[in-house]
Amino acid sequence: MNKIIQEIKKSVLSALWLMILTFPIMVIKVNSYEGVVLWRWKNLMWIGIGTFFLSWLWRFLLDRKENGPGESKPDADRDGKFSLRKALGERKVKIPTLAVLAILVLAFPFMVKFYQVGIMTSALMFVILGLGLNIVIGYGGLLHLGYAAFYAMGAYTYGLMYLYWGLPFWAALPLGAVSGAVFGIVIGVPVLRLRGDYLAIVTLAFGEISRLLLENMSGFTKGPEGIAQIPRPGFFVKLSLQGATTYLFYICIVLVLFAIFVIRRLEDSRIGRALEAMKEDDIAAQSMGIDLAKTKLITFALGAVWAGMVGVVLAAKTTYINPGSFTLMESVMILVAVVLGGTGSIPGVILGAFLVTLIPEYFRALADYRMLMFGVALVVMSIFRPQGIIPRVRKRYLVGEDKS
Amino acid sequence: MSRTILDINDFSMVFGGLRAVDHVDMHIDEGEIVALIGPNGAGKTTLFNCVTGVYTPSEGNITVAGPNSEIIRTNGKKPNKITELGLARTFQNIRLFSSMTALENVMIGRHPKLKAGIFGAIFRDKKTRDEEERVIVDSLKILKKLNLAKYANEPASSLPYGAQRRLEIARAMATEPKLLLLDEPAAGMNPQETKELDDTIKRIRDEEGLTILLIEHDMSLVMSLSERIYVLDYGKLIAEGSPDVVKADPAVIKAYLGE
């Protein structure tokens with residue numbers, strides 16, 4: 001009984017606190033046209049009631065996390081019980097699942113309305129961006145807040161080369177990758193000595209600097225008005241708008257598969273291990289003979305390659321680019337996708353990228369509140385599931401324990 | 001007379017107004033087990049950090065014997081370059097790659113001995129695949145040497161404390177060093193574990209032909225292991241010699257026990 005009174009007291013307190021906090025924006029509304037002030041007391045009531053129950057739920061969840069049935073072991077340890085991950089690992093299940101998925105993906109542009117294909121292409125582009133940033137953050141452990149700068153680099157590579165030399169899409173795609181990587185190294189060199197928060201701040205600044213440069217070098221980049229009428233890729237002949245969008249959808253699918261293939265191979269290779277050692281403990285890594293400067297530059301280059309390619313695809317998809325598409329917000333959204341889905345985990349990042357792009361698309365009513373929602377989601381995730389929605393599974397090496 | 005592997009000559013390390021290490025001369029010959037002891041704050045770990053390149057020495061020379069017996073000055077070289085010259089270390093406060101498995105930790109130690117680059121990783125040609133296979137086999141061998149094979153697929157952070165200490169040694173050995181620098185390898189171990197460590201260090205020295213420099217506070221381990229001892233106090237070398245000589249040295253007794 002005593003405990004319940006305590007709980008009620010806590011909830012009442014949080015409700016009162018939030019009521020006072022939100023009072024100015026939720027209650028007072030000034031109608032400047034008629035010169036009257038509206039007092040919306042009803043809002044205050046709803047906030048009070050809502051907070052009362054939500055804070056109760058919040059404390060319940062926190063309590064359960066700390067003392068409750070803490071059986072959130074990784075799937076590999078749960079013997080006997082059904083596990084999706086384990087089932088998918090088996091050949092019998094894996095191949096048909098992949099086949100169905102492949103057919104669905106291939107048929108997707110013909111099953112849905114045209115504008116859905118465009119949305120899905122954007123989502124796929126975001127997946128590649130997420131996978132790229134995941135190399136830098138998830139494997140290399142370098143918090144990079146200016147990722148959109150690499151993205152811009154790719155887009156402007158295509159935009160400018162088309163503008164000045166009339167370069168086609170297929171030539172720009174590899175060049176975008178190269179210019180992304182080069183830009184990654186160029187940004188990487190001055191930040192070699194930084195880590196943690198300092199690195200985050202400097203990369204954030206670099207992101208903004210590159211956007212401002214694009215905006216202000218009007219003679220070269222056409223400044224804020226941007227570059228228009230960039231051609232969509234043609235498939236031997238010039239494609240209609242619909243055809244080109246579908247074509248880009250397939251290009252994105254191929255790029256996603258290519259990214260997954262490359263990243264998975266890197267993950268368990270000498271370079272991948274070096275990246276991870278650097279993330280875990282850079283001093284120990286250096287003492288084990290890993291060249292930190294080189295490894296950091298490799299990390300930036302490997303991460304930036306993908307942004308460069310997606311930049312080219314973006315320029316081709318929208319046929320118009322301007323510096324406004326590469327703001328800090330863009331970098332933050334990619335970061336949210338990575339952290340939400342699971343840092344260092346490929347399926348996690350893919351899911352995260354879809355959530356971040358598709359939820360605001362399909363729940364238009366919520367679109368205005370999406371920043372608020374992602375903020376709440378990040379807070380909740382970092383408390384209850386810091387490893388992300390689909391955490392990374394470590395590779396196990398067959399060591400033949402029974403042989404010895 | 002075996003050749004000198006590490007030669008420290010009139011070496012000082014100054015932090016602002018503090019002389020952490022003050023005009024120290026040391027040398028370590030091939031095959032020796034040498035201990036560096038001294039009260040807390042005497043500058044032992046600072047000396048280690050300078051030798052392995054974490055700090056750049058303020059004064060003096062540190063030289064190591066190169067692969068063709070040439071003398072190489074290491075002042076100001078990066079830690080990874082020094083590791084490539086055949087020096088490997090462990091850390092006083094365990095610095096394993098804690099979420100990586102024990103095997104992966106040792107595989108990181110093999111890093112400088114391998115060549116595979118980005119394109120090798122992506123295309124996975126025969127050379128890269130062979131190399132990967134060899135790394136796993138070699139790393140497992142090293143784990144076995146230190147009785148860690150059963151932990152191969154466990155994350156390093158979940159290993160028992162003593163095993164974590166041994167894994168640090170395993171990881172350092174994976175770089176195939178000539179000189180192994182152990183910073184308080186027995187810290188926090190119980191007498192049983194310390195005894196085992198004693199045997200292990202002697203065994204790997206004999207099997208691998210290693211030279212070992214260790215910092216240690218456990219005097220029974222120091223006396224049993226080392227052939228020569230250097231004693232540091234307030235950054236100055238106050239004694240050196242065989243365990244018996246050092247034990248009887250009045251300056252050492254004074255440094256440890258006071259007047």
Side-chain angles (χ1 to χ4, degrees), chain A residues 74 76-77 135 138-139 141 181 192 258-295 297-299 301-302 305 343-344 387 391-404, chain B residues 49 52-54 78-84 87-91 94-101 103-124 128 131-132 135-137 139-140 143-144 149-150 152-153 155-157 168 171-172 174-175 177 181:
Chain A
D77 295 350
I135 298 179
Y139 299 137
L192 276 180
F258 180 50
I260 294 173
F261 171 79
V262 168
I263 293 168
R264 284 195 57 170
R265 289 213 148 175
L266 279 173
E267 200 177 57
D268 44 279
S269 73
R270 172 172 176 262
I271 302 288
R273 285 195 300 271
L275 253 60
E276 213 172 329
M278 175 174 79
K279 175 176 89 174
E280 299 261 325
D281 188 328
D282 50 354
I283 291 178
Q286 206 173 14
S287 291
M288 290 304 118
I290 290 169
D291 188 337
L292 277 191
K294 202 171 136 196
T295 313
L297 292 183
I298 287 178
T299 312
L302 283 176
V305 160
T343 337
Q387 67 275 43
R392 175 168 182 200
V393 189
R394 295 209 71 84
K395 184 184 172 174
R396 289 172 66 89
Y397 292 88
L398 287 174
V399 293
E401 275 123 302
D402 4 73
K403 261 191 278 171
S404 61
Chain B
N49 282 339
T52 52
V54 178
K78 288 263 170 63
N80 50 308
K81 292 286 168 216
I82 292 176
T83 306
E84 281 169 27
L87 267 65
R89 70 172 298 180
T90 66
F91 293 89
I94 300 179
R95 298 191 89 126
L96 290 168
F97 308 119
S98 47
S99 69
M100 300 172 90
T101 63
L103 185 67
E104 282 172 317
N105 267 277
V106 178
M107 284 162 81
I108 292 287
R110 300 295 300 170
H111 184 91
K113 297 280 166 209
L114 309 178
K115 291 193 185 63
I118 297 172
F119 293 102
I122 295 170
F123 297 116
R124 233 175 243 184
T128 313
E131 195 183 80
E132 274 295 299
V135 173
I136 297 173
V137 173
S139 306
L140 210 62
L143 281 181
K144 271 187 194 139
K150 65 176 169 212
N153 273 323
S157 55
E168 276 232 339
R171 189 179 64 174
T175 64
L181 299 113

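First the proteins, then the strands, lettered A, B, ... as listed; each starts at 1. All values derive from a computational prediction rather than experimental measurement.
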Counting distance only, does the side-chain N/O of [X] pair as donor-acceptor with the main-chain N or O of [Y] below 3.5 Å?
X       : Y       : value
E131(B) : A116(B) : yes
T128(B) : R124(B) : no
E267(A) : G272(A) : no

| field | Residue among E132(B), E168(B), E84(B), R110(B) with most heavy-atom pairs under 4.5 Å to chain A | value |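 So the answer, after comparing E132(B), E168(B), E84(B), R110(B), is E132(B).
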| field | Heavy-atom proximity to chain A below 4.5 Å, by part of V135(B) | value |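 The side chain, not the backbone.
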| query | Side chain, backbone, both or neither: which part of K113(B) has an atom under 4.5 Å from a heavy atom of chain A? | reply |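 Nothing of K113(B), per the 4.5 Å heavy-atom cut-off to chain A.
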| With sequence neighbours excluded, what pairs up with T83(B) under the side-chain contact (heavy atoms from CB on, under 4.5 Å) test? |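 T175(B).
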| query | Looking at L302(A), D281(A), I271(A), which makes the most heavy-atom pairs under 4.5 Å with chain B? | reply |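 The answer is D281(A).
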| request: Please determine, among L266(A), I298(A), D291(A), the option with the most heavy-atom pairs under 4.5 Å with chain B. | output: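 Winner by heavy-atom pair count: D291(A).
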| In this structure, are over 12 heavy atoms from other groups packed under 6.0 Å from R264(A) atom CZ? |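 Open: at most 12 neighbouring heavy atoms sit under 6.0 Å from CZ of R264(A).
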| said: Quick check on A293(A) against chain B: is it the side chain, the backbone, both or neither that has a heavy atom closer than 4.5 Å? | reply: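 No part of A293(A) comes within 4.5 Å of chain B.
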